[in-house]
Amino acid sequence: MPDTSPNVPVPGAPTSREASAQAAAADGTLAGPPTPSTAPVRATITVPDGVSMVALLGSGDELLRLVEGELDADVHVRGNEIAVTGQPADNAFAVRVFDELIALLGTGQVLRPDSVRRVIGMLKAGGAERPADVLSLDIISRRGRTIRPKTLNQKRYVDAIDQHTVVFGIGPAGTGKTYLAMAKAVQALTTKQVNRIILTRPAVEAGERLGYLPGTLSEKIDPYLRPLYDALHDMVDPESIPRLMQSGTIEVAPLAYMRGRAQPYDAKVLTPNGFMPIGTLQVGDLVIGSDGTPTPVLGVYPQGRKQVYRVTTQDGGSTLACGEHLWTVRTPNDRCRGTSRTLETQEMIGRLRWSHAHRYELPVVQPVQLEPEEVPLDPYALGLLLGDGCLTTTTTPAFATADPELAVALEAALDRIEVHHKGGYDYTLRHLDGGRGGLRIANPVTETIRELGLAGTRSATKFVPEVYLHNSEDVRLAVLQGLLDTDGGPVSQRGRTCRVQYSTTSTRLRDDVTFLVRSLGGVVYSRVRAAEGRRPGRALGRDVPCRTDAHVLDIRLPEGVQPFRLERKRQAYDAAGGGRPMRFIESIEPVGEMETMCIQVGAQDSLYVTDDFLVTHNTLNDAFVILDEAQNTTAEQMKMFLTRLGFGSKIVVTGDVTQVDLPGGAQSGLKIVREILDGIEDVHFANLTSGDVVRHRLVGDIVDAYERWDATRQAPTTRSAAGAPARTARPRRQGS
């Protein structure tokens, strides 16, 4: 800090206040005796040795003359001392100005006329913030250029972005609303506070009819987005921008595309009670998230008719989604870094392979928590009977196995049932109370089989009853274990993890096993082994021809999910390990236009489970989202945009309410959003004025001139409202 000597009176010198009084008396504008005032005093400022006087005063004393023009005191410089002569209050103000300028030089900044004017303007406006602190707040630096706020309101705007989730920056053109928001977005990305930046603005023609625009979609919309591109190139290495946009780290799109993340109405979404069409969901309903737990639906948004694509995975799963629908995926590079990315459907078309391997891996749902229900038969016993049991119900239920361990387990799972060994591989399920008191009591297993609709089913027609499919994780796993202990087994190869193979001749049972595996977080590959040409089996010394095709399932289950209870199979599986289930996008094909809608869910990662247990989402998490030119959004668009907010995200909305270009007199969503959101915690409205314009000085004067002109136009209306109602004159048509 510079040394400042005490104020010293200067005898005989008229003060500025006396001079003003004398001039006013000479003009006849002041009556009575002149106002008494103190004599002018002198204050001395000693500039520290480390500060260059040329840097402080400017080339050819340019900055010194600027300061003198703004002060009501005389300034003289000799060596490294600055003497200020004037009234004590004026001197104190001059000392504060030079203190702030010296402090700015101490931060390594170069003083320019505009920064000197801003220092003086902030000091005149008062406030607790020091101009040196405001003008030295660095946001980002690149290639020797530093971006920082240049006015007090701009600093408060930047601070609000740090402190709040949703910030509205409202003010005239040239106040740095969008530029500073972009700088904060790049800062958040580089410091890993967010994973992506999304820049958007409404595509409004600003009163012009541009007609047909030739070229690609990007060429049509780029003119609307050019200001965002320009700001981005100032802050990020231009060579890296295409790579960041290609990976989805930076997305620039018109506002209309922010609402396009949708699926057709008949696309299925998994709920705790099973799959339901997305078109039937309402706010408050529960759906299953990627962690397998229920999560509420926070919003339902019809999207109209859109081009829809079928997204298919390598294991045969598929669902329908529009081109802007979002997917969380991992590429080979992402797997190395332990990260993921979020891409639109259309961004992945034509890029599904990487060195002959699948490029995009989808997350696999964790074991799903469905609504538990009571079941009439032990689920493990049901799985054993579906695999090796006789369910015709024309005779006593029977069971055939080469593993006595399974017969023991079946008997333990059934109440009051004896699994009697008839000989060889054959067993019967006797009811211990079947002949009590001379009465024949129906076998409870037979009754339960009939109750479940399985009576009379054979190998090609067996299925898993619905009450077991849509049940708790324990019930589903027990059924699967019974099926795999009988008709499945581990398949191991040297140097590789162990997969599970299961075969059945029942198409419906194939689909049910696929459902069970996927609901437990696994992956299933299915193939058909045709009956024709297959080698016949042998029974009782005779050939038994294959009458039906066999469905062979290769299964991968997540770690911690044990597929077997039979000891020999479990040991073989545990010896090699089950590996990791993986799902990759295999193809994306257009299927035409459909009516679509999207939902917003309350899950931390915004993911939910759709057809075939595919994991997808359509809100924006861990993103810095900027909506520019927001005065040209309708109220509906503003609501749609704000409800896209995801966890770990920030939204900055910028606009100038005096420059609304909406056609047909539509109401601006930016004008009414303050009334709607005022008082909501973590939402902030930052107001910038003509004093915050950082473009040419003339821009601020132009803004002020227009504001005065608008005020004079509104004044007659205000006066009329106070008295009789004013009549609104209709504009005369040209030529009338």
Side-chain angles (χ1 to χ4, degrees), residues 1-8 10 13 16 40-125 127 129-152 154-155 174 176 179 183 234 691-701:
M1 294 293 292
D3 295 331
T4 305
S5 63
N7 290 325
V8 180
V10 180
S16 58
V41 295
R42 178 183 300 158
T44 303
I45 305 167
T46 302
V47 179
D49 294 336
V51 177
S52 167
M53 295 300 292
V54 175
L56 177 64
L57 305 179
S59 177
D61 289 343
E62 175 188 17
L63 301 182
L64 176 61
R65 289 194 297 271
L66 177 59
V67 171
E68 285 182 309
E70 298 287 344
L71 300 178
D72 291 331
D74 293 329
V75 181
H76 298 278
V77 179
R78 178 171 294 177
N80 67 335
E81 290 188 349
I82 302 175
V84 182
T85 304
Q87 293 297 306
D90 297 333
N91 288 359
F93 182 78
V95 169
R96 288 188 62 195
V97 169
F98 282 105
D99 283 350
E100 296 299 327
L101 295 179
I102 293 171
L104 277 177
L105 287 174
T107 64
Q109 295 192 50
V110 177
L111 292 183
R112 293 184 175 86
D114 58 341
S115 56
V116 173
R117 293 190 187 95
R118 292 188 184 103
V119 167
I120 296 174
M122 280 186 258
L123 290 175
K124 287 182 177 179
E129 294 93 341
R130 288 189 58 192
D133 294 337
V134 173
L135 298 178
S136 60
L137 177 63
D138 297 344
I139 301 177
I140 58 173
S141 298
R142 191 179 78 86
R143 294 182 178 179
R145 180 180 180 183
T146 302
I147 298 174
R148 56 175 66 94
K150 296 183 178 180
T151 68
L152 182 56
Q154 285 189 353
K155 180 180 182 297
Y179 202 80
D234 284 350
D692 301 303
V693 172
V694 292
R695 295 179 185 170
H696 194 285
R697 288 187 62 194
L698 194 56
V699 175
D701 297 335

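Numbers here simply count residues along the sequence, with the first being 1. Note that this is a predicted model, so its numbers are computed, not measured.
Annotation: the span from Ile139 atom CD1 to Lys155 atom NZ amounts to 10.5 Å, rounded to 0.5 Å. To the nearest 0.5 Å, the span separating OG1 on Thr46 from CD1 on Ile102 amounts to 9.0 Å. Leu152 CG to Leu123 CG: the interatomic distance, rounded to the nearest 0.5 Å, is 10.5 Å. Distance check, rounded to the nearest 0.5 Å: CE of Met53 to CG of Leu105 gives 10.5 Å. We find the CG-CG distance between Asp61 and Leu66 to be 12.0 Å, quoted to the nearest 0.5 Å.
Taking all atoms of both residues into account, the shortest heavy-atom contact from Phe98 to Leu64 is CZ-CD1, 4.4 Å.
Applying the side-chain contact (heavy atoms from CB on, under 4.5 Å) test to Val54 and every residue at least two apart in sequence or in another chain returns Ser52. The side-chain contact (heavy atoms from CB on, under 4.5 Å) check on Leu63 picks up Leu111, Pro113, Val116, with sequence neighbours excluded.
Looking only at distances, a side-chain donor or acceptor of Arg65 sits under 3.5 Å from a matching main-chain atom of Gly60. With hydrogens and angles ignored, the 3.5 Å screen pairs no side-chain donor or acceptor of Asp74 with any backbone N or O of Thr85. Distance alone, capped at 3.5 Å, is enough to place a donor-acceptor pair between the Asn91 side chain and the Gly86 backbone.
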Does Ile147 form a side chain to side chain contact (heavy atoms under 4.5 Å, CB included) with Tyr179? I'd like the steps, not just the answer.
CA-CA 9 Å; Ile147 298 174; Tyr179 202 80; 3.8 Å; yes

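Among Val41, Leu71, Asp72, Val84, the single residue meeting the side chain to side chain contact (heavy atoms under 4.5 Å, CB included) criterion with Asp90 is Asp72.
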